[in-house]
Each structure stands twice: as C-alpha cells, then as structure tokens.
Amino acid sequence: DTVALRCPGHPLTRLLLETLGAPLAAPSANRSLSVSPTTAAHVLDGLGQRVDLILAAGPCAHGIESTVVDCTVDPPLILRPGPVTARRLAEALGAPVTAESTEPRAGPARSPGRLARHYAPRTPLELSVGAADRVAALLAAGRRVGWLTTAADAPATRRLAASRDLVIVPMPGEPDAYAAMLYAALHALDKRDLAAIVVDAPPDTDDWRAIRDRLSRAATT
C-alpha cells in the first residue's frame, strides 16, 4: 500500500541514477544488523567478494543512516531518526512533525533500523552515564577497553589514559560532527581485539536523537 523513496544527495549517486535513467533498488551496503559502512573500505571489509563493484567517492558526509518519514499520515511521522531532525523538517514543511517511539514494536517493520539490536559492532558495546567509573572498573578487572568520549580533556579521562589496556577515541561535542565520525570509530575499535567498547551516553535532545537511537540499538547492556 505504500512505497519508500530514497533521496540521495551525493553527486556520484545522483549521476548514477541519471545515467541509469530507471528506478534503482538501493539496500544498505552492509550485512544485516552490523555497523553501517561510511567508506568504501568498510564496504569491502563487510561484503568482500559478495559484490562485483564498489563506487568509491570518499566518506559519507552524515555518517549515520537517513531520516525516514511517513508522509501517509498527518502530521508526518518520523519512523527512523536521522541527520534531518524533526525541528528541521517542521521548519521546511511549515507544519508539525511527530516522531514514533524508538521502542521495538510487534508486527512488520515500517522502516529499516527498527530492530531492537542493530548497527552493532562485534565487540560488546555499552552506553554509560558514568563512563569514567565504568571504564576504570573494566580496566581493574583486566579487560581491554575502547572508550568513545566527548570529555577527552576531563581529569578523570586523563588519569585513565595512561593505561595500556585503554583505547580512547575523542569524539566531537557537536551532534553532526559526532554522527559523521561514529561508525568509522566503531569499525576501527572492532579491529583492536577489545573486551568492551564504552560510550558516553549522549544528551537527550532532538539534535542527538538519531545518535542515541543508533547507540541504544548497538548496545548489549
């Protein structure tokens, strides 16, 4: 009863569509449930010989998956939060936009990215409000840890940074920049033979909604 349309902004993708002159089915370039690729190298790592050709045109600008909006209802409903926030959509439409709960629901998925576990690295990932304490506890237990933090200059972070078993990835404090870097950081940490990845819990605001959604689905605890 409905059709979903992807609206790519990348010049190479738009050139591909114009050259084909026909509709193009475009699933994501990664295996189901795993961390999405943001570079051609990530696609190669994940799919390898399963594909015959990879078009390489630099890293993805936004870093996370697109916003999905249901326009069959009034007001329009965000099914998957993404780089285009509810506020920006409302400004463009001149009308309110609502957002569906990110909690899993029964029945067929109305949008990609609705599974309880999704976008997940192989290494167990956990969101933490008190990340420094959690990292310290894991290190004390003899675990090798990766830590995505927006507080790299905080005293607690500096104290832990000397550990040989800790890989710290400083993350931007601005949501667009954070999103652009997130999956690349997870791909890199997944290759470090770590016991766990700890991520500072992002702010609970509209600008960070898509990032919180991705991380909550990637988290194992």
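To the nearest 0.5 Å, the span separating OG on Ser128 from CG on Leu138 amounts to 9.0 Å. Rounding to the nearest 0.5 angstrom, the gap separating the CG atom in Asp176 from the CG atom in Asp207 is 7.5 Å. Of the inter-residue distances, the one linking Leu47 atom CG with Ile54 atom CD1 reads 7.0 Å to the nearest 0.5 angstrom. Once rounded to the nearest 0.5 Å, the distance linking CG of Leu189 with CG of Leu125 reads 9.0 Å. Atom-to-atom distance recorded for Arg143:CZ and Leu166:CG is 13.5 Å, nearest 0.5 angstrom. Separating the CG atom in Asp1 from the OG1 atom in Thr72 is a distance of 9.5 Å, to the nearest 0.5 Å.
Side chains of Cys60 and Thr39 form no contact here, defined as non-hydrogen atoms less than 4.5 Å apart. Side-chain contact check for Asp204 versus Trp208: every heavy-atom pair is 4.5 Å or farther apart. When side chains are defined from C-beta on, Leu17 counts as touching Pro8, because their heavy atoms get closer than 4.5 Å. Counting only heavy atoms from C-beta outward, the side chains of Leu182 and Leu215 approach each other to under 4.5 Å. Contact of the Thr67 side chain with the Pro81 side chain is not registered, since no non-hydrogen atoms from C-beta on lie closer than 4.5 Å. Val69 has its side chain within reach of Leu89: a pair of non-hydrogen atoms, C-beta onward, lies under 4.5 Å apart.
No path of Ile, Leu, Val, Met, Phe, Trp and Tyr side chains, each step under 4.5 Å between heavy atoms, connects Met181 with Val43, placing them in separate hydrophobic clusters. Placement of Leu160 and Val167 in two distinct hydrophobic clusters is found when ILVMFWY residues are connected by side-chain heavy-atom separations under 4.5 Å, directly or transitively. At a threshold of 4.5 Å between side-chain heavy atoms, the hydrophobic network of Ile, Leu, Val, Met, Phe, Trp and Tyr places Leu53 and Leu24 in one connected group. In this structure, Leu127 is a member of the same hydrophobic cluster as Val169, with clusters built from ILVMFWY side-chain heavy atoms closer than 4.5 Å. Hydrophobic clustering (side-chain heavy atoms under 4.5 Å, transitive across Ile, Leu, Val, Met, Phe, Trp, Tyr) groups Leu79 together with Val73.
For the residue pair Ser163 / Asp165, no side-chain donor-acceptor distance below 3.5 Å is found, with atom types taken as modelled. Glu65 and Ser28 share no donor-acceptor pair across their side chains, judged by distance under 3.5 Å alone. Remark: the Arg212 side chain and the Thr205 side chain contain no N/O donor-acceptor pair separated by less than 3.5 Å.
Ala180 and Ala61 make their closest contact through CB-O, 3.6 Å (heavy atoms, listed as atom of the first residue, atom of the second, distance). Between Gly63 and Thr38, the shortest heavy-atom distance links the atoms O-CG2, 3.3 Å. Annotation for Leu12 and Ala57: closest pair CD2-CB, 3.5 Å, computed over non-hydrogen atoms. Scanning all heavy atoms of the two residues, the minimum distance from Ala86 to Val97 falls at O-CB, 4.3 Å. For the residue pair Ile211 and Pro175, the shortest heavy atom distance occurs at CD1-O, 3.4 Å. Of all non-hydrogen atoms in Pro83 and Arg88, the two that sit nearest each other are O-NH1, 2.9 Å.
The closest donor-acceptor contact from the side chain of Thr157 to the backbone of Ala151 lies under 3.5 Å. His62 places no side-chain N or O within 3.5 Å of a backbone atom of Ile64 that could act as its donor or acceptor partner. Remark: side-chain polar atoms of Arg14 are not paired, donor with acceptor, to backbone N or O of Gly9 under 3.5 angstrom. Using a distance-only test at 3.5 Å, with no hydrogens or angles considered, no donor-acceptor pair links the side chain of Arg209 to the main chain of Thr85. Side chain of His118 to backbone of Ser216: no donor-acceptor contact under 3.5 angstrom is found.
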Please set out all donor-acceptor pairs under 3.5 angstrom arising from side-chain atoms of residues 190-201, sequence neighbours excluded.
unit_1 : atom_1 : unit_2 : atom_2 : d
Asp190 : OD1    : Arg122 : N      : 3.2
Asp190 : OD1    : Thr123 : N      : 2.9
Asp190 : OD1    : Thr123 : OG1    : 2.7
Asp190 : OD2    : Arg122 : N      : 2.8
Lys191 : NZ     : Asp45  : OD2    : 3.0
Asp200 : OD1    : Trp147 : NE1    : 2.9
Asp200 : OD2    : Thr149 : OG1    : 2.6
Asp200 : OD2    : Thr150 : N      : 3.1

| field | Trace of the side-chain contact (heavy atoms from CB on, under 4.5 Å) decision for Val51 with Leu44 | value | CA-CA 9 Å; Val51 293; Leu44 186 61; over 6 Å; no

| task | For Arg217 and Asp213, run salt bridge (charged side-chain N to carboxylate O under 4.0 Å, His left out): C-alpha distance rounded to whole Å, both residues' side-chain angles, the deciding distance at 0.1 Å, then the answer. | result | CA-CA 6 Å; Arg217 296 180 193 278; Asp213 173 73; 2.9 Å; yes

| field | Pair His42-Ser36, side-chain contact (heavy atoms from CB on, under 4.5 Å): steps then yes or no | value | CA-CA 8 Å; His42 295 159; Ser36 295; over 6 Å; no

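Ring orientation note: the planes of Tyr183 and Tyr119 are close to parallel, at an angle under 30° on the 30°/60° scale.
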